[in-house]
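Reading through the structure tokens given below for one structure.
Numbering starts at 1 and runs along the sequence shown. When a ligand or atom number is given, it counts from 1 through the structure's own listing order.
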Amino acid sequence: MKIDAIQLRELEMQLVRPFETSFGVTTTRRILLVEVHSEGLVGWGECTAGEHPHFSEECFATAWYMLEQELGPMLLAQAPEHGGDCPKIFSRVRGNRMAKAALENAIWDLEAQREKVSLSALLGGTQDAIPCGVSLGIQKTIPELMKIIETELAAGYRRIKLKCKPGWDIGVFEKVRNHWPGILLSCDANSAYRMRDFAHLAKFDEFNLLMIEQPLWHDDFYFHSMLQKQIQTAICLDESIRNRRDALAAIEMGSCRILNIKLGRVGGFSEAIRVHNVAMERGIPVWCGGMLEAGIGRAHNIAMASLANFTLPGDVSASKRYWKEDIIEPEVTVSKSGEIAVPMAPGRGFAVRTDLVEKLTLRKATVKRTLTA
Ligand code: OSB
Ligand code: MG
């Protein structure tokens, strides 16, 4: 397809409530959108990099730079036919997977429109609804957390994930489990623990957690495999898994029994499908993670989560949990039974509210064609 233009946008969007993890608090998101114009159609992509390089090495500013100066010019010079052509086009650039994913996903988004098929169908999705959970940040007090859990369960969500860290773990799980003995409950440490904490982490077994997500270093497999041997609770890796090869290594080493797949973290739809497939071959269930996405990223997550091995409730939830107004129409909603319906219409199935996007835009840039790309 001939690419006519690539535009980058920086949006500022206020979360409806702050989100606290073991690595920090987010109150306002800087959302990086890419628009790829081709033959009268517009493919949209959302970069999931954080404001600061706390989840991974990437952040908003590094992604903007890579998109404007490296990846954008490469794509303009190459004219891909399919979203699946992008990894090869970007292969000379090391890392920077969230930046790559924004562009690659925009091409898939465009391709689904051009072929008049749903994005889910284009990806090979087979499920018409995805089961949803919620990820709950660290709160000031346990009673505040209990109130939020009550609200989310009443809304239909099927799994509660608690962000945890030393000092906000066992005491919290105890209260929550006592009150709700039967719910699917998991926790996410975002790398907050170390080897001295192994005995402490073994105590999590008491609470019948569905999984403990990324307890140790963000780039580790080996010590997670040591830990997995010493605890009963399934480990789920998030940060550590950058591609199919990482997933295979982690599975073969016994570093985890469940995988979280995030489009940005693995570099886009192509690699996400590869991670999904290798996990399925090995009998490892996966679920779709979240990065506090606005509507474009959320729509793309829904399409991805329609693949067959996304069997566990993910962190993809309703727009209104994050935003007063989302940038897509309709907003993402969750049914009383805790599911999001996968759109079957051509394309991503959620229209972009371009007027609102324009209103929220702080900065725009058009990628220039360069001779060296
Ligand atoms: O580790 O899953 C994570 C948000 C930002 C960075 C990392 C993570 C998260 C979440 C939120 O858990 C998931 C969501 O609701 O989007
Ligand atoms: Mg996580």
Side-chain angles (χ1 to χ4, degrees), residues 13 15-31 46-60 63 97-98 101 130-139 145 148-149 152 155 157-165 168 185-193 209-220 224 234-242 250 256 258-266 286-302 304-305 312-323 326 332 334 338 340:
M13 292 179 73
L15 286 168
V16 295
R17 59 184 174 210
F19 188 78
E20 180 169 349
T21 68
S22 65
F23 59 74
V25 187
T26 306
T27 51
T28 305
R29 291 282 283 117
R30 289 169 81 187
I31 300 286
E46 180 175 330
C47 180
T48 61
E51 290 67 40
H52 304 283
H54 297 169
F55 173 82
S56 69
E57 293 88 340
E58 287 184 88
C59 66
F60 180 94
R97 292 178 302 279
M98 291 173 176
I130 63 165
C132 305
V134 288
S135 173
L136 303 181
I138 293 164
Q139 305 296 317
L145 174 68
I148 296 170
I149 296 175
E152 304 295 12
Y157 288 102
R158 297 183 181 185
R159 185 226 58 199
I160 301 291
K161 161 172 141 183
L162 305 177
K163 289 292 188 179
C164 66
K165 64 177 183 182
W168 184 267
L185 184 66
S186 71
C187 68
D188 184 358
N190 289 111
S191 307
Y193 299 93
L209 303 176
L210 180 60
M211 70 190 99
I212 168 169
E213 190 177 336
Q214 201 72 35
L216 308 174
W217 298 268
H218 72 96
D219 55 358
D220 171 76
H224 279 97
I235 292 176
C236 170
L237 290 179
D238 174 357
E239 282 89 329
S240 299
I241 306 297
R242 301 161 300 178
C256 63
I258 296 174
L259 285 176
N260 161 331
I261 300 182
K262 288 180 178 166
L263 280 170
R265 200 194 66 224
V266 303
V286 306
W287 54 277
C288 183
M291 293 291 285
L292 310 175
E293 285 92 345
I296 312 284
R298 201 161 291 283
H300 289 175
N301 284 342
I302 292 165
M304 177 177 71
L312 295 171
D315 279 350
V316 182
S317 53
S319 296
K320 69 172 184 212
R321 295 190 60 254
Y322 306 84
W323 319 111
D326 203 345
V332 174
V334 170
I340 295 174

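Relative to the ring axis of Tyr322, Arg29 does not place its NZ or CZ within 45° and under 6.0 Å from the centre.
To the nearest 0.5 Å, the span separating OG on Ser186 from CG on Leu162 amounts to 7.0 Å. Note that the OG atom of Ser135 and the CG atom of Asp315 stand 4.5 Å from one another [nearest 0.5 Å]. In this structure, the separation between NZ on Lys262 and CD1 on Ile241 is 12.0 Å, given to the nearest 0.5 Å. We find the CG-NZ distance between Asp188 and Lys161 to be 4.0 Å, quoted to the nearest 0.5 Å. One finds the OH atom of Tyr157 at 6.0 Å from the SG atom of Cys132 (value rounded to the nearest 0.5 Å). The line from CD of Glu239 to CG of Asp220 is 11.5 Å long, rounded to the nearest 0.5 Å.
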Apply the test side-chain contact (heavy atoms from CB on, under 4.5 Å) to residues Asn301 and Glu293: give CA-CA distance (whole Å), side-chain angles for both, the deciding distance (0.1 Å), then the verdict. CA-CA 9 Å; Asn301 284 342; Glu293 285 92 345; 3.1 Å; yes

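Taking a cutoff of 4.0 Å between a charged side-chain nitrogen and a carboxylate oxygen, Glu152 and Arg321 qualify as a salt bridge.
Protein residues having at least one heavy atom under 4.0 Å from any atom of ligand 1 are Phe19, Phe23, Phe55, Ser135, Lys161, Lys163, Asp188, Asn190, Glu213, Asp238, Lys262, Gly290, Met291, Leu292, Asp315, Tyr322, listed by chain and number.
The Mg ion (ligand 2) has Asp188 OD2, Glu213 OE2, Asp238 OD2 as protein N, O or S atoms under 2.8 Å away.
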